[in-house]
Structure formats: structure tokens, C-alpha cells
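Some notes on the structure that comes next.
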Amino acid sequence: MKKANELKKIRKSVEKVQDAKRFEHTLGVEYTAAALAMRYGSDINNARIAGLLHDCAKCFSDEKRLSICRKNHIKVTEVERKNPFLLHAKVGACLAREKYGIKEPDVLNAIQNHTTGRKNMSLLEKIIFVADYIEPGRKQAPNLDGIRKLAFVDIDGALLEILKDTLKYLKDSGGDIDPVTEETWRYYSQN
């Protein structure tokens with residue numbers, strides 16, 4: 001019963017800081033993360049918590065994210081300094097620990113790495129990374145139907161397709177590419 005109450009408290013708190021569209025996305029990620037956790041034998045509760053908190057800093061202003069980074073000695077890269085909205089993952093992990101009392105390192109890493117990925121990701125990190133991309137409310141991503149199917153058959157294959165599509169989108173649109181995303185792509189495309 002304690003776990004159910006914890007999830008309910010987190011859900012209510014997150015709903016207060018997100019706009020309706022973002023909160024709907026958050027619930028979709030929670031749902032999808034739970035389904036992927038069931039499929040791959042990961043801790044369902046941790047997947048739900050990470051899904052609920054993955055964007056808990058997304059609706060903050062750039063100034064607030066940068067301020068939280070300064071206050072908590074969070075390293076900000078040059079790409080993040082130019083595009084502070086990218087900091088929502090790092091700031092979200094900090095908030096999960098400080099505001100929501102999350103102690104589980106795997107949950108915190110899943111929140112922190114859900115946008116760029118990283119080398120040697122845990123199963124939970126992969127689940128949150130993939131769930132964020134394929135949740136039911138997502139409509140615009142390329143190859144979405146195929147990636148949704150692949151996610152429940154081969155999570156590493158889905159991860160690789162998402163990284164490939166993300167890098168292609170950023171290159172085509174002239175967006176800044178976080179070097180960690182490229183590093184993650186290289187790591188998983190060679191393994």
C-alpha cells in the first residue's frame with residue numbers, strides 16, 4: 001500500500017507543476033514504462049516513478065533551470081548553456097532526489113539520461129528513454145509505429161532507432177546536438 005500512496009503523491013505533485021499537455025505526456029510515459037518493465041522484468045514501481053518524474057523540471061523557465069544547476073553544482077555543458085531547456089533532465093534528477101526523496105540511483109539515472117542516453121545504460125534507463133519516445137500521446141516522430149512494435153521485442157534495437165532518428169532530425173533542422181547523444185549512438189551502434 002505504501003508504494004501506491006507514494007505514486008499517488010508524486011502524481012498529484014507533478015500535476016501541479018506541469019501544464020495539461022505535459023502532464024498527459026507524463027502519464028503516458030508512466031504507463032508505457034510500466035508496460036516495458038513488465039515485458040523485460042524490470043522493477044515496475046521504479047519504472048512508474050521514473051516515468052512520472054522524468055519531465056518534472058520541463059515546465060520551468062530557462063533561468064530557473066540554470067539557477068538550480070548553479071545552486072546544486074550541476075555541470076552545464078556549452079550546448080546546454082546555449083539551449084537551457086536541455087537541462088530539464090539533469091534538473092529533474094536533482095528535484096527527484098531533493099524534493100521527492102528518491103534515493104534509488106537507477107531511478108535518478110533514468111531521469112537524468114532520458115534525453116541523451118549514455119553508454120552502458122541500465123535496463124531502467126533504456127525503458128524510460130524509449131517510453132518517452134513511444135508513449136501513446138506521441139504522434140509526430142518518424143518510424144513511430146515500427147519503433148513501438150520493436151520496443152516490446154528488442155529494447156536495444158528500439159533505442160538505436162530512436163537515437164538514429166533523433167540525430168537525423170537535429171542535423172536536418174540545424175539543431176545543436178549534445179555530444180552525449182552522439183556518443184550514445186556510437187556506443188550502441190557498435191555493440
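Nothing fancy with the numbering, it's 1 onward along the sequence. These numbers come from a predicted model, not from an experiment.
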Does the side chain of [X] come under 3.5 Å of the side chain of [Y] through a donor N or O and an acceptor N or O?
X    : Y    : result
D106 : S122 : yes
N143 : D165 : yes
N113 : E125 : yes

Would [X] and [Y] show up in the same hydrophobic cluster when neighbours are defined by side-chain heavy atoms closer than 4.5 Å?
X    : Y    : answer
I162 : L144 : yes
L36  : I147 : yes
L160 : L167 : yes
V180 : L163 : no

Are any non-hydrogen side-chain atoms of [X] and [Y] less than 4.5 angstrom apart?
X    : Y    : value
R11  : R48  : yes
H88  : I111 : no
E104 : L124 : no

Should we say atom OH of Y31 is surrounded by more than 12 heavy atoms from elsewhere, each under 6.0 Å from it?
-> no
For E182, does the CD atom sit with more than 12 other heavy atoms under 6.0 Å from it, leaving out its own atoms?
-> yes
To check you understand the geometry: which heavy-atom pair defines the closest contact between [X] and [Y], and what is its length?
X    : Y    : answer
A96  : L108 : CB-CD2, 3.7 Å
M121 : R118 : CG-O, 2.9 Å
D55  : T26  : CB-OG1, 4.3 Å

side-chain hydrogen bond (donor to acceptor under 3.5 Å, both in side chains) against R97, all qualifying residues, sequence neighbours excluded | none
Would R186 and E183 pass as an ion pair if we require N to O under 4.0 Å?
-> no
Charged N-O contact under 4.0 Å between K168 and D172 | yes
Residues pairing under ring-ring contact (aromatic ring centres under 6.0 Å, His included) where one sits in residues 45-80, two or more places apart or in two chains, turn out to be H25-H54, H54-H114
